[in-house]
Amino acid sequence: MSRDYDFARARLVQSLRAGGIRDERVLAAIGAVPRHRFVSGSYLLSQAYGDYALPIGHQQTISQPWVVARMTELLDLGPEHKVLEIGTGSGYQTAILARLARFVFSMERIGDLARQAIARIRELGLTNVKIQVFDGTVGWSEVAPFDRILVTAAAAGRVPPPLVEQLRDGGVLVVPEGDRRRQHLVRYVKRGEEVEREVGESVVFVPLVGRHGYRPEDAVAER
Ligand code: SAH
């Protein structure tokens, strides 16, 4: 069983490489994190290494591996980085970040998802992660600033301003921006008072719900 998963994971890495993911550190992290531990139910288990999003309950999804890989690549992580992630979800992306950075602070608004993610991260022996149940659109000011910030839900138009404020000078922030149906990966780099903005690939994420995001009723109505 475990050999089958190893094989499926190696094949996924190959397909991501063929799909244009170049950063070997990112590919190694994807090759090391057991995605099947982040999905539940035997019907999903057999699909755990397909390159698509899967439901994780509460109308949320574990992101498509290619999108996880691309966002992680855009972050350009180093082992010294302190990272903020908004939208823990299954915790899969969190585990990838934890392998590449010094410490990951992750925020999830749905308590049940956060609890499951905490348990999985602990089972994997990753000790450099802290997960908080709270609205991530306000950031995590007590532990700011961050070297890197990743938002894994669709911002309502533009990135929540508190997140840009909590980014360190020279830091990188990656966020899907757009409307509820479709977004683009956007990469911000903070340079003193200036913030560079670069628009990348088209993606589809569940809505970022919160004070600087969608209202809960907006998020549900479209789905
Ligand atoms: N990276 C995750 C993606 C999960 S989907 C994974 O691959 O599993 C996006 C997640 O963002 C959902 O779990 C959703 O509940 C969460 N979310 C949405 N708005 C949020 C907010 N304001 N603060 C924290 N989490 C939020």
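Quick note: numbers below take in every heavy atom, side chains included, and nothing from hydrogens, waters or symmetry partners. Note that ligands are numbered from 1 as they come in the structure, with each ligand's atoms numbered from 1 the same way. Counting begins at 1 with the first residue of the sequence.
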Give one line per pair: atom of ligand 1, protein atom, distance. Only N/O to N/O under 3.5 Å.
unit_1: ligand 1; atom_1: 1 (N); unit_2: Thr152; atom_2: OG1; d: 3.3
unit_1: ligand 1; atom_1: 7 (O); unit_2: Ser63; atom_2: N; d: 3.0
unit_1: ligand 1; atom_1: 8 (O); unit_2: Ser90; atom_2: N; d: 3.0
unit_1: ligand 1; atom_1: 8 (O); unit_2: Ser90; atom_2: OG; d: 2.7
unit_1: ligand 1; atom_1: 13 (O); unit_2: Glu108; atom_2: OE1; d: 2.7
unit_1: ligand 1; atom_1: 13 (O); unit_2: Glu108; atom_2: OE2; d: 3.4
unit_1: ligand 1; atom_1: 15 (O); unit_2: Glu108; atom_2: OE2; d: 2.6
unit_1: ligand 1; atom_1: 19 (N); unit_2: Val209; atom_2: N; d: 2.9
unit_1: ligand 1; atom_1: 22 (N); unit_2: Asp135; atom_2: OD1; d: 2.9
unit_1: ligand 1; atom_1: 22 (N); unit_2: Val209; atom_2: O; d: 2.6
unit_1: ligand 1; atom_1: 23 (N); unit_2: Gly136; atom_2: N; d: 2.8
unit_1: ligand 1; atom_1: 25 (N); unit_2: Arg109; atom_2: N; d: 3.2

Spatial distance of atom OG1 (Thr137) from atom CG (Leu163) [nearest 0.5 Å]: 7.0 Å

Val209 side chain near Arg215 side chain, heavy-atom distance below 4.5 Å: no

Audit row: Phe103, Phe105, ring pair (Phe, Tyr, Trp, His ring centres under 6.0 Å) steps and yes/no: CA-CA 7 Å; Phe103 204 92; Phe105 292 92; 4.8 Å; yes

Heavy-atom neighbours of Glu194 CD exceed 12 at 6.0 Å: no

Contact list for residues 82-92, test side-chain hydrogen bond (donor to acceptor under 3.5 Å, both in side chains), sequence neighbours left out: Glu85-Thr94, Glu85-Ser106, Thr88-Ser106

Intermediate values then yes/no, salt bridge (Lys or Arg N to Asp or Glu O under 4.0 Å), Arg109 and Asp135: CA-CA 5 Å; Arg109 62 183 283 273; Asp135 172 14; over 6 Å; no

